[in-house]
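Written below as structure tokens is the structure these notes are about.
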Amino acid sequence: MQLERAIHSIVESNGNCLFDRCPFDLVAYLFSIEESDRFDLNQWMPAVQDAMEQIDLIVFVPVEEPDRIAVDGSDHEALRLRVDEVLREIVLDDQWALGIPAIEVTGSPGERARQVLDQIGLDAGAR
């Protein structure tokens, strides 16, 4: 249901939107759980691709060391690291050759914002 909602949000947007998560995030989670064999990517890929082709830029924020997000238990930490790895392959390695522009940002939230603004050609001081 979350994947369906993520796809719908992008398709129904009027442009000039920022999304905290995209369908690729949810696919990465689905590939990272024990029940991943129950997820049929072939069934979902046309809708995922259609939605993602409307995205101008994917900003990949990796799990950092030390991790900025506290997680309870090693199971959650292991899942988070696995999702990070799978998402990196999907987004930065362009696993499905969709050609969607993507950058990786690191550092403080301000540094991350500056990296995005630099990528899209906006001067942070002018905003």
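Of the inter-residue distances, the one linking Asp56 atom CG with Gln119 atom CD reads 11.5 Å to the nearest 0.5 angstrom. Atom CH2 of residue Trp96 and atom CE of residue Met52 lie 9.5 Å apart, to the nearest 0.5 angstrom. The structure places CD1 of Ile10 at 4.0 Å from CD1 of Ile55, a figure rounded to the nearest 0.5 Å. Atom CE of residue Met1 and atom NE2 of residue His8 lie 12.5 Å apart, to the nearest 0.5 angstrom. Atom SG in Cys22 sits 7.0 Å away from atom CG in Leu87 (nearest 0.5 Å). Expressed to the nearest 0.5 Å, how far CH2 of Trp44 lies from CG of Asp40 amounts to 10.5 Å.
Proximity of a side-chain donor or acceptor of Ser36 to a complementary backbone N or O of Ser32 within less than 3.5 Å is not detected. With hydrogens and angles ignored, the 3.5 Å screen pairs a side-chain donor or acceptor of Gln115 with a backbone N or O of Glu111. A donor-acceptor pair is defined here as one N or O able to donate and one able to accept, closer than 3.5 Å; no such pair exists between the side chain of Asp93 and the backbone of Gln95. Distance alone, capped at 3.5 Å, is enough to place a donor-acceptor pair between the Asp94 side chain and the Leu98 backbone.
A 6.0 Å sphere centred on CD of Gln2 holds no more than 12 heavy atoms belonging to other residues, nucleotides or ligands. For Glu34, the CD atom sits in a loose shell: 12 or fewer heavy atoms of surrounding residues, nucleotides or ligands are nearer than 6.0 Å. Atom CD of Glu53 has more than 12 neighbouring heavy atoms from other residues, nucleotides or ligands inside a 6.0 Å radius.
Nearest heavy-atom pair, Cys17 versus Asn14, reported as atom, atom and distance to 0.1 Å: SG-N, 4.4 Å. In terms of heavy atoms, Ile103 sits closest to Val105 at CD1-CG1, 3.7 Å. The nearest pair of heavy atoms linking Gly107 to Arg112 is O-NE, 2.9 Å. Nearest heavy atom pair, residue Leu26 against residue Ala6, reads CD1-CB, 3.6 Å.
Here Glu85 pairs with Arg82 under the side chain to side chain donor-acceptor pair (under 3.5 Å) rule; sequence neighbours left out.
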Audit row: Val83, Val63, side chain to side chain contact (heavy atoms under 4.5 Å, CB included) steps and yes/no: CA-CA 9 Å; Val83 169; Val63 173; over 6 Å; no
For the pair Asp84 and Phe60, evaluate side chain to side chain contact (heavy atoms under 4.5 Å, CB included) and give the outcome as yes or no after the intermediate values. CA-CA 9 Å; Asp84 182 74; Phe60 178 75; 3.5 Å; yes
Let me see the working for Phe31 and Leu41 under side chain to side chain contact (heavy atoms under 4.5 Å, CB included), right down to the final yes or no. CA-CA 9 Å; Phe31 280 168; Leu41 178 62; 3.6 Å; yes
Might you work through the side chain to side chain contact (heavy atoms under 4.5 Å, CB included) test for Met45 and Val27, ending with a clear yes or no? CA-CA 10 Å; Met45 195 59 185; Val27 169; over 6 Å; no
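Between Ser13 and Phe19, the closest side-chain pair of non-hydrogen atoms falls below 4.5 Å. Between Ile100 and Phe24 the shortest side-chain heavy-atom distance falls below 4.5 Å.
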